[in-house]
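Take a look at the structure set out below.
No hydrogens, no waters, no symmetry mates; every other heavy atom, side chains included, goes into these values. The chains referred to below are lettered A, B, ... by the order of the sequence lines, with proteins before strands, and numbering in each begins at 1. Computed from a predicted model, the values in this text were never measured in an experiment.
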There are 2 protein chains.
Amino acid sequence: MIEADDLRFFAAIAAAPSLAAAARALDVSPPAVTQRLRSLEARLGVKLVDRGGRRLALTGEGELLAKRGRDIVGALDALNDTLLERRGEVAGDLRIVAPFGFGRRFVAPLAAQFREAHPRLRLDLTLVDRLSHAPPESWDIAIHIGAPNVAAHLAMRRLAPNARLLCAAPDYLARAGTPARPADLRNHACIALRENDEDVTMWHFSARQAGTTERIRIAPTLSTNDGEVAKAWAVAGQGLIVRSEWDVTEDLESERLVRILGDYDLPPAPVVALMGTERAARSARSRRFLDALAASLRTPPWRISTASPQTAP
Amino acid sequence: MIEADDLRFFAAIAAAPSLAAAARALDVSPPAVTQRLRSLEARLGVKLVDRGGRRLALTGEGELLAKRGRDIVGALDALNDTLLERRGEVAGDLRIVAPFGFGRRFVAPLAAQFREAHPRLRLDLTLVDRLSHAPPESWDIAIHIGAPNVAAHLAMRRLAPNARLLCAAPDYLARAGTPARPADLRNHACIALRENDEDVTMWHFSARQAGTTERIRIAPTLSTNDGEVAKAWAVAGQGLIVRSEWDVTEDLESERLVRILGDYDLPPAPVVALMGTERAARSARSRRFLDALAASLRTPPWRISTASPQTAP
DNA sequence: CTCTATCATTAAGTTTGCCTTAATAGAGAA
DNA sequence: TTCTCTATTAAGGCAAACTTAATGATAGAG
């Protein structure tokens, strides 16, 4: 008889571009995938995957199995969750995705603490440079900085406010001068941080007093996809950066960096959580984890000693 | 992670009055049930069954698991069937229930033949004395003689016509005389065959010429639940029986028995098939089996050489 | 072109889950 | 009581699914 685990196994194959990739996703060796697929096909008496050289393609029966299997596995996992929840204990698998910088600084410590409080929980924290690289099926919770432009249909929960600040190193400003208006940025070295598929060279300013907005298309002299690198460049006096409050608060305090154009606000980038699936959104462990994370961010660490230009909603 | 086989396993426990009974139903030893149940409970972290001495009762979580598990296993089995059907091959499990006499004589040979034609099929033929003893969940197809009074909501298919005949042994008639009208039966020894929860002591006669009907409440001198025994008694001259055409045709030919009150019809008892579940009704193997059985009964063996009082529809 | 990396597969050995038998203990009926 | 059925523990066996090791095949790099 066909088993739910066969469906999970085949779902991994259906989602992977090759049997070897499926083996990696399943944490088993390639021969295990070959053998098990063969045995599954033999048991059903149906060919499921056409192995055309290096490319693999599902047969009609394979598509059917993958499609209907998805629902069955979903129902089984939901049942599992219900039973775990009844017990009042947080257990099972929890797959979290977070950006490299924020994840390392704020999610990882909380994850360790949460895991310690719930011994039967298996927790995976994957740090990514952009969320679009991790499909929603591959995670239960994604932490994101700023309003997500992808996957707007997913359930979302705000965890903490977070402003973006224009900053530079004091010695850079001593050399290049301090801009007084957004338009002055055209004559400055700007460092672009390519994250989250945003239009990172279009900087939006809104004058806090006048309520007017200005947009500047900067021509980055340096660009990177890594926040640490961008900030290091800025600290080294390479130019201006727009960076999240959570990352530069310490640097502003220690005056490695100085805030510029303080009369203007940049678009805020609140810390939000996304739910990968319906199941994730409802599951007790997801809720409990986000409760814990939200609590740890309630007075965001980066606000404790900084007078922020924005107040929490 | 919980598996579909765990759900099947637990469904058996939920349906059984004791763990030992579940073990019998599952074809395993009692320790296997104990161990596996314990491991399942440990894995879920939830107690599923309250073992109060000899009686067992499901906990709330146990009820939940049994209830939601049913749907999941059903979906999985349906998926299995779909794939088997796509292959065009008849495979999987087929559980047939039939009455003792008819099953042994007509269903068993066809079942063997059908099984031989489909090597990947597992077939179980359970002979029962009354259908009400076998709940619809326990079979895919039930063969029944006469319009079923139980489970009228189940899908039904007529397989062959079958009349009931009033018969007796010649030497009994020589001794006791031959009844001319139904009312004469009051003065005769009647043998009752208690089958199918019918009202077996109320014999209904309809005069074929006049179109009138008569009901006689007989007082059986002998009664049994076994058709073979009833017929043997009749052949031995113990009295009158009402018996299905399929069973007495040979005896009438060989004149071990003689038909009585030939001008009257008794209520017919067509051979019908019932489907235990929606799934059974749709599955290819059920359809194919019933096609084969219907074909083998198309010219019912018991009609080949007998002029029947009823003709096929 | 050759070289190299990756992929898919076969073969053979190992682990692990689930079953078995055997033995122990308790509850209820004869 | 004794007998029977039930539930459980302990110890051993089997089969499924994994592992490592080795082979052939294919695509892209140099």
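For the pair S29(A) and dT19(D), the criterion of a side-chain N or O lying under 4.0 Å from OP1 or OP2 is met. OP1 or OP2 of dC19(C) has at least one side-chain nitrogen or oxygen of R36(B) nearer than 4.0 Å. Close to dT9(C), at under 4.0 Å from its OP1 or OP2, lies a side-chain N or O of R51(A).
Distance CD (E3(B)) to C1' (dC18(C)): 14 Å, rounded to an integer number of Å. Distance Q35(B) CD to dT9(D) P: 9 Å, rounded to the nearest Å. Spacing between atom CZ of R43(B) and atom C1' of dC18(C) amounts to 11 Å, rounded to whole angstrom units. Whole-Å rounding puts the L26(A) CG to dC7(C) P distance at 14 Å. Atom CZ in F9(A) sits roughly 10 Å away from atom P in dA17(D) (whole-Å rounding). Rounded to a whole Å, the CG atom of L56(B) is 16 Å from the P atom of dA27(C). Computed from coordinates, the D6(A) CG to dC18(D) C1' distance equals 15 Å when rounded to whole Å. Note: CG (L19(B)) to P (dT6(D)) measures 10 Å, nearest angstrom.
Across all strands, R24(A) comes closer than 4.0 Å only to sugar-phosphate atoms, never to a base (heavy-atom distances). Looking at heavy-atom distances under 4.0 Å, A20(A) makes contact with sugar-phosphate atoms alone, never a base.
Side-chain contact check for T126(B) and D124(B): at least one donor-acceptor pair (N or O, by modelled atom type) lies under 3.5 Å.
R285(A) places no side-chain N or O within donor-acceptor distance of the main-chain N or O of S283(A), the cut-off being under 3.5 Å.
T224(B) has its side chain out of reach of R194(B): every pair of non-hydrogen atoms, C-beta onward, lies at least 4.5 Å apart.
With dC19(C), dA17(D), dA22(C) as the candidates, the nucleotide lying closest to the side chain of V28(B) is dC19(C). Proximity note for P31(A) (side chain, C-beta onward) versus dT10(C), dC18(D), dA8(C): the nearest is dT10(C).
Mapping P30(A) and L37(B) onto DNA chain D via the closest heavy atom, the residue that lands nearer the 5' end is L37(B).
For R38(A), the CZ atom sits in a loose shell: 12 or fewer heavy atoms of surrounding residues, nucleotides or ligands are nearer than 6.0 Å.
Distance check, rounded to the nearest 0.5 Å: CD of E85(A) to CD of E61(B) gives 12.0 Å.
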